Participant: 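Questions regarding the structure given below will be posed in turn.
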Number of protein chains: 2
Amino acid sequence: MNITKLSTADIRRETVVASAITMFARSGYLGTSVAGIAEHAGISQAYVFKLFPSKELLFVTALEACFELVLAALERGAATSPDHSPDAMLFAMGGAYAELIGDRSLLMLQVHAQSAASVPEIGAALRKGLRATTLLAKSRSNASDEAVQRFIAYGQLCHLIVVTGLDHNPPDWADLITAGIRHP
Amino acid sequence: MNITKLSTADIRRETVVASAITMFARSGYLGTSVAGIAEHAGISQAYVFKLFPSKELLFVTALEACFELVLAALERGAATSPDHSPDAMLFAMGGAYAELIGDRSLLMLQVHAQSAASVPEIGAALRKGLRATTLLAKSRSNASDEAVQRFIAYGQLCHLIVVTGLDHNPPDWADLITAGIRHP
DNA sequence: CCATTCAGTGAGTGTATACTCACTCACATG
DNA sequence: CATGTGAGTGAGTATACACTCACTGAATGG
C-alpha cells in the first residue's frame, strides 16, 4: 500500500512505460510504432495518446525510467560491496549493472537513445542520465577520475559486445575484446 | 587515370555511397529517406534503386566503406608512429582515428549501425568491421589483449562523448569522462 | 434522477516513403 | 540511317504510421 494514491490513469501510465521500454528496446525509436506499444500494453492506440502527448515524450519517459533503474542498481551494488576500497566499489557496481541488464532491454534502450540523440529532448535525457550515472559512480566509489572514466568506457564496451551478439555465439577472435568483461 | 576503368554507373555508385554516408550519419538508418540521399547526390530517387537493390544494401555498402576508411586511418597511424612500442603504436592509431572522425560522419554512422544491428545484414557488417578493426589493432601494435580491449573500449567512450555533445559545450561535470580523450 | 467526470475506443486523416514501371534521350556502331 | 544500349527520370502504387475526434459507458455525487 502506497502512501501516494495513484489514480488508475497513473497506473496505466506506468504499465505503458514498461511496454514502451520493451518495445523501444526491441526496435528503436523510429522502428517502434505507438500501435505496437499499445497492443503490448493491452490498450488502444488512441488511449496511449491520451496518456502521453507524443511518441517523443513517451520515449523520453521510458529512457528516464531506464536510468532510474540503472542508478538504483549501481546504488545497490555499492551498498553490498564487501570492501570499501574504490576499486572494490566500482567492481561491485559493475557487477550489479551486468546483472541488471540481463534481459538486454535497458541496455538496448540506451543504445537506441544514442542513435536518436539528435532529437533534442532525447539528447537532453541521455546527457542527464549519463551525468547522474557518472556522478554516482564517482561519489559512491571515491575513485579517481581516471578510474571512473574507465568504468564508463568499459560499460560502453559491454554495450558493444551485446549489440554485436559477441556474447551469445562468440567467434574465435571475440575473446580479444570480451575477456574479463561481465555481461549478461 | 586509374588502372581499372570504371563505367559511369560505377562512378555514380561511388558518389551515391558518399552521399549515403553523409545522410545516414545525419539521421540514422530508418530516419533517412532514399529520396534524401538521391537529392544529396543530385540524381533521381529511381536511379538510386537502379544502382542499389534496396535501402538496406545501400546502408551496408556505406558502412563497409566507412570501415575501409577506419582501417586505412589506423594503418596510417601505425605507419607514422615514431616509436614501435605497443603503447606508442596504439597511441598513434588512436590519434589517427580521432583525426579521421573529425567530421563526425564516420563516427555517427557506426553509432546508427549499432542501433540497426538487429537487421541481419547490418549486424553482420558491423561484426565484420569490428573484427577487422580489432585484429588490425592487435597485429600492428603487438600489444597485449588487455591493451587492445582498452583501445576499443575508449573508442566507444569517444563515440559516447560525441553523441552526447560533451565535446562541443562541455558542462562542468563532463571532464570526468572527457579528460585525456582525443576526440574531434 | 440529473449532471459531471473520467477511462477508454473505432474510425478516421494526412503524410511520408520504399519500391516499380513505362518511358525518354544521348550516343555509339555497323 | 537504323538500331541497340545504357544512363536517367516522372509518375505512380501500396503501405505504414503519428496523431485526432467524436463518441460510449460507467461511476460519482449532489
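To find a chain, count down the sequence lines: A is the first, B the second, and so on, and within it residues start at 1. None of the values given here were measured: they were computed from a predicted structure.
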Participant: Once you round it to whole Å, what is the distance between C1' of D:dC17 and CD of A:E56?
Facilitator: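 That distance rounds to 16 Å.
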Participant: Using atom CG of A:L51 as one end and atom P of D:dT20 as the other, report the distance to the nearest whole Å.
Facilitator: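 In whole Å, D:dT20 P lies 14 Å from A:L51 CG.
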Participant: Please produce a list of atom pairs where a protein N or O lies less than 3.5 Å from an N or O of nucleotides 8-15 of chain D.
Facilitator:
unit_1: D:dG8; atom_1: OP1; unit_2: B:R12; atom_2: NH2; d: 3.3
unit_1: D:dG8; atom_1: OP2; unit_2: B:R12; atom_2: NE; d: 3.2
unit_1: D:dG8; atom_1: OP2; unit_2: B:Y47; atom_2: OH; d: 3.1
unit_1: D:dG8; atom_1: O6; unit_2: B:K50; atom_2: NZ; d: 3.2
unit_1: D:dT9; atom_1: OP2; unit_2: B:S44; atom_2: N; d: 2.7
unit_1: D:dT9; atom_1: OP2; unit_2: B:S44; atom_2: OG; d: 2.9
unit_1: D:dT9; atom_1: O4; unit_2: B:K50; atom_2: NZ; d: 3.1

Participant: Mind calculating the distance between CD1 (B:I11) and C1' (D:dG6) to the nearest angstrom?
Facilitator: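 Rounding to the nearest Å, CD1 of B:I11 and C1' of D:dG6 are 14 Å apart.
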Participant: Are the side chain of B:R13 and the backbone of B:L51 linked by a donor-acceptor contact shorter than 3.5 Å?
Facilitator: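 The answer is yes, because a donor-acceptor pair under 3.5 Å joins these two groups.
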Participant: Could you state the atom-to-atom distance from CD of A:E39 to P of D:dA16 in whole Å?
Facilitator: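 Distance, rounded to whole Å: 14 Å.
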Participant: Check B:V111, B:D167, B:I101 against B:V162 for a side-chain contact (heavy atoms from CB on, under 4.5 Å) and give me the one that passes.
Facilitator: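 Among B:V111, B:D167, B:I101, the one that satisfies the side-chain contact (heavy atoms from CB on, under 4.5 Å) with B:V162 is B:D167.
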Participant: Hey, mind stepping through B:Q110 and B:Q156 against side chain to side chain donor-acceptor pair (under 3.5 Å) and telling me if it holds?
Facilitator: CA-CA 10 Å; B:Q110 292 179 64; B:Q156 294 298 303; 5.4 Å; no
Participant: When you measure from the side chain of B:S81 to the backbone N and O of B:A78, does any donor-acceptor pair fall under 3.5 Å?
Facilitator: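 Side chain of B:S81 to backbone of B:A78: no pair is present.
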Participant: Round to a whole Å and report the spacing from CZ of A:F52 to P of D:dA18.
Facilitator: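 So the CZ-P distance, A:F52 to D:dA18, works out to 15 Å.
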Participant: Distance-only, no hydrogens or angles: does the B:Q149 side chain make a donor-acceptor pair with backbone N or O of A:A179 under 3.5 Å?
Facilitator: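 Side chain of B:Q149 to backbone of A:A179, a donor-acceptor pair under 3.5 Å: yes, one is there.
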Participant: Measure from NZ on A:K55 to C1' on D:dT20 and round the result to the nearest Å.
Facilitator: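 From A:K55 NZ to D:dT20 C1': 17 Å.
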Participant: In this structure, how many angstroms lie between the C1' atom of C:dT17 and the CG atom of B:L58, rounded?
Facilitator: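 For the pair B:L58 CG and C:dT17 C1', the rounded distance is 15 Å.
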Participant: Write down the distance between CZ (B:F49) and P (C:dC21), rounded to a whole number of angstrom.
Facilitator: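 Checked: the CZ to P distance equals 13 Å.
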Participant: Just compare D:dA18, C:dA18, D:dC19 and give me whichever is closest to any side-chain atom of A:S54.
Facilitator: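 Nearest to the side chain of A:S54 among the choices is D:dC19.
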Participant: If you count heavy atoms of other groups shown closer than 6.0 angstrom to CZ of A:R150, is the number above 12?
Facilitator: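 Counting other residues, nucleotides and ligands, CZ of A:R150 stays at 12 neighbours or fewer.
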